[in-house]
Protein chains: 2
Amino acid sequence: MYRQPAVLPHATVSGGWPHAGSEIARSGQLDALIALERIGARMRFARDQEIYAEGEPGAAWFKVVSGIVRISKLLADGRRHVAEFCFAGDSFGFERAAERGFSAEAVNEVTVLRLPFAATERLIEENPVLARHLRDEMLKSLDAAQHRLLLLGRMTACERVAAFLLALAERGDTRQLDLPMSRSDIADHLGLTVETVCRVLSDFKRRRLIAAPTAHRIELVDRRALAAIAED
Amino acid sequence: MYRQPAVLPHATVSGGWPHAGSEIARSGQLDALIALERIGARMRFARDQEIYAEGEPGAAWFKVVSGIVRISKLLADGRRHVAEFCFAGDSFGFERAAERGFSAEAVNEVTVLRLPFAATERLIEENPVLARHLRDEMLKSLDAAQHRLLLLGRMTACERVAAFLLALAERGDTRQLDLPMSRSDIADHLGLTVETVCRVLSDFKRRRLIAAPTAHRIELVDRRALAAIAED
DNA sequence: CGCCAGTTTGACCAAGATCAACGCAAGTGG
DNA sequence: CCACTTGCGTTGATCTTGGTCAAACTGGCG
């Protein structure tokens with residue numbers, strides 16, 4: 001559901017198409033990242049600050065350097081939909097339409113690399129490795145979206161929450177994970193209500209699958225059982 | 001949610017990045033399609049025949065020439081998830097993983113263009129327009145997936161069915177549309193059960209929003225009302 | 001200390017799932 | 001040509017999951 005953990009400068013990026021993680025192209029991919037670093041501008045955003053808004057023209061795509069970015073959309077009647085949480089190494093904002101269909105906000109303190117479309121386009125002409133890297137990023141997003149489609153279309157509340165926790169754990173890699181996002185962020189991401197998310201978490205606590213010292217720090221006690229719930 | 005209608009040889013394809021439909025690149029895009037036609041193999045599939053299976057290695061991507069392709073996945077416990085219906089002009093099967101995560105089957109009589117990854121890779125080197133075309137196809141898929149994420153995450157059964165009908169209508173373009181796929185295909189695509197799909201359709205009939213001479217042919221009587229239900 | 005936003009819990013409700021018939025049209029075989 | 005089967009589609013009765021509404025709790029922070 002979520003992409004590999006990767007800190008930007010030393011990112012483990014995937015190679016050829018369609019195989020991920022091949023060794024051959026790795027150095028080339030690193031070149032691509034260095035090239036991007038040259039045309040990109042680093043920017044910092046504070047908690048809940050807007051990186052771009054729905055409806056804006058949109059002249060650049062982004063790469064998360066650190067922190068978490070929330071890609072979301074507000075419906076007319078107030079319902080909100082959080083399409084994605086982007087972690088360090090993830091790319092976002094390469095949408096097709098002339099106007100942005102979603103807004104991007106910082107969940108916590110965030111640093112991103114802003115990459116203008118025009119400069120990227122130029123860079124691609126002379127650097128085919130970058131084109132491949134970009135394609136790979138899109139495929140990662142696509143994969144993630146497909147996985148989430150399954151989650152939202154066919155899984156129960158428990159399954160969704162379990163899958164969410166496990167996905168986060170795969171990034172943070174430790175069994176102690178912190179969720180900087182609010183419960184309603186999580187709910188809007190999983191297609192549930194705040195109350196349901198709370199109840200499922202409480203249920204997991206009662207069943208000793210997780211422990212929660214604070215609301216935003218969760219320990220995965222019985223990872224195997226969680227995996228069994230999330231299955232697939 | 002769904003891409004523009006497009007018959008392959010005369011396809012209206014979109015241009016630069018990220019703007020869709022720009023006139024400038026159209027002829028170039030046509031070149032790309034002609035180039036693809038050269039490396040691609042046309043294949044026919046009968047109703048319910050498998051184009052590729054979940055777990056297969058996957059050495060090619062595809063473009064639908066005619067007919068409808070169903071991209072789906074079967075869960076361990078029997079639940080099924082239909083990720084996408086692909087219509088003439090749509091591309092599918094460019095997944096990142098070494099193994100296919102979904103299977104592709106023909107919904108009705110289907111013709112596809114099979115495009116091996118290796119040959120595509122080679123063609124891209126010498127034909128940057130193709131690279132752009134491919135990127136565009138991926139962005140289309142991504143857009144579609146995002147839209148469906150919203151649908152599955154936040155919309156009611158009525159809203160889903162209305163949106164589905166309208167999306168189909170935009171492709172077929174007439175008010176008379178036929179749904180060659182079964183009710184359970186539709187249900188598994190919308191994250192509902194067969195019964196719910198039936199009930200909603202019956203409800204729409206009762207409210208004179210649609211008429212249904214047969215189960216697989218539906219007339220949109222009050223498109224405006226349907227649009228109001230689907231909203232957004 | 002008291003306020004405020006976010007979190008948690010409980011009581012109740014409704015949308016949609018499940019279970020069970022039934023209808024209907026297209027085969028199939030006698 | 002007609003009984004019989006088979007696979008969808010439709011409808012109804014009932015149940016469950018998760019949503020809604022409301023209230024209590026918690027932890028920062030002025």
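First the proteins, then the strands, lettered A, B, ... as listed; each starts at 1. FYI, side chains are in, hydrogens and waters are out, and symmetry mates aren't considered; it's all heavy atoms of this structure.
- Ion pair Asp77(B)/Arg154(A) not flagged as a salt bridge, since none of the NZ, NE, NH1 or NH2 atoms sits closer than 4.0 Å to an Asp/Glu carboxylate oxygen.
- Across all their heavy atoms, Ala157(B) and Thr196(B) have their closest contact at CB-CG2, 3.8 Å.
- Taking the six-membered ring where the residue is Trp, the centroids of Phe62(B) and Tyr52(B) are separated by under 6.0 Å.
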### Task
Would you sort out whether Val82(B) and Ile71(B) count as a side chain to side chain contact (heavy atoms under 4.5 Å, CB included), showing the intermediate values?
CA-CA 6 Å; Val82(B) 172; Ile71(B) 309 296; over 6 Å; no

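- Between Glu109(B) and Arg44(B) there is a salt bridge, with a side-chain nitrogen of the basic residue lying less than 4.0 Å from a carboxylate oxygen of the acidic one.
- Using a 4.0 Å cut-off between a side-chain N of Lys or Arg and a carboxylate O of Asp or Glu, Asp143(A) and Arg148(A) do not qualify as a salt bridge.
- For the residue pair Trp61(B) and Ser91(B), no side-chain donor N or O sits within less than 3.5 Å of a side-chain acceptor on the partner.
- Shown for residues 179-186 of chain A: residues whose heavy atoms fall under 4.0 angstrom of DNA chain C, namely Ser182(A), Arg183(A).
- The salt bridge (charged side-chain N to carboxylate O under 4.0 Å, His left out) check on Glu54(B) picks up Lys73(B), with sequence neighbours excluded.
- When the local axes at the two ends of the helix from dC1(C)-dG30(D) to dG30(C)-dC1(D) are compared, using 5 base pairs at each end, they differ in direction by 20° after rounding to 10°.
- Looking at Lys63(B) and Glu137(B), a side-chain N of the basic residue comes within less than 4.0 Å of a carboxylate O on the acidic one, giving a salt bridge.
- When rounded to the nearest whole Å, the span between CE of Met155(A) and P of dA17(C) equals 15 Å.
- Two residues, Arg154(B) and Asp48(B), neighbour DNA chain D, and the one matched to the more 5' nucleotide by heavy-atom proximity is Asp48(B).
- At most 12 heavy atoms of other shown residues, nucleotides or ligands fall within 6.0 angstrom of atom CZ in Arg47(B).
- In this structure, Arg70(B) pairs ionically with Asp48(B), as a charged nitrogen and a carboxylate oxygen lie closer than 4.0 Å.
- The pair Glu159(B)-Arg79(A) meets the salt-bridge criterion, since a charged nitrogen lies less than 4.0 angstrom from a carboxylate oxygen.
- In summary, contact between chain B and DNA chain D, defined as any nucleotide atom under 4.0 Å from a heavy atom of the protein, begins and ends at dG9(D) to dA13(D) in the 5' to 3' direction.
- Within the 3.5 Å criterion, the main-chain N or O of Ala53(B) finds a donor-acceptor partner in the side chain of Glu56(B).
- Applying side chain to side chain contact (heavy atoms under 4.5 Å, CB included) to Glu195(A) and the options Thr193(A), Leu192(A), Val197(A) leaves one that passes, Thr193(A).
- Atoms CZ (Arg80(B)) and P (dA17(C)) sit 15 Å apart, rounded to a whole Å.
- The stretch residues 191-207 of chain B comes close to DNA chain C through Gly191(B), Leu192(B), Thr193(B), Glu195(B), Thr196(B), Arg199(B), each having a heavy atom under 4.0 Å from the strand.
- Considering Lys205(B), Arg199(B), Arg207(B) as possible partners of Asp203(B), the one that fulfils the side chain to side chain donor-acceptor pair (under 3.5 Å) test is Arg207(B).
- Scanning residues 209-220 of chain B for heavy-atom distances under 4.0 Å to DNA chain D yields Ala215(B), His216(B).
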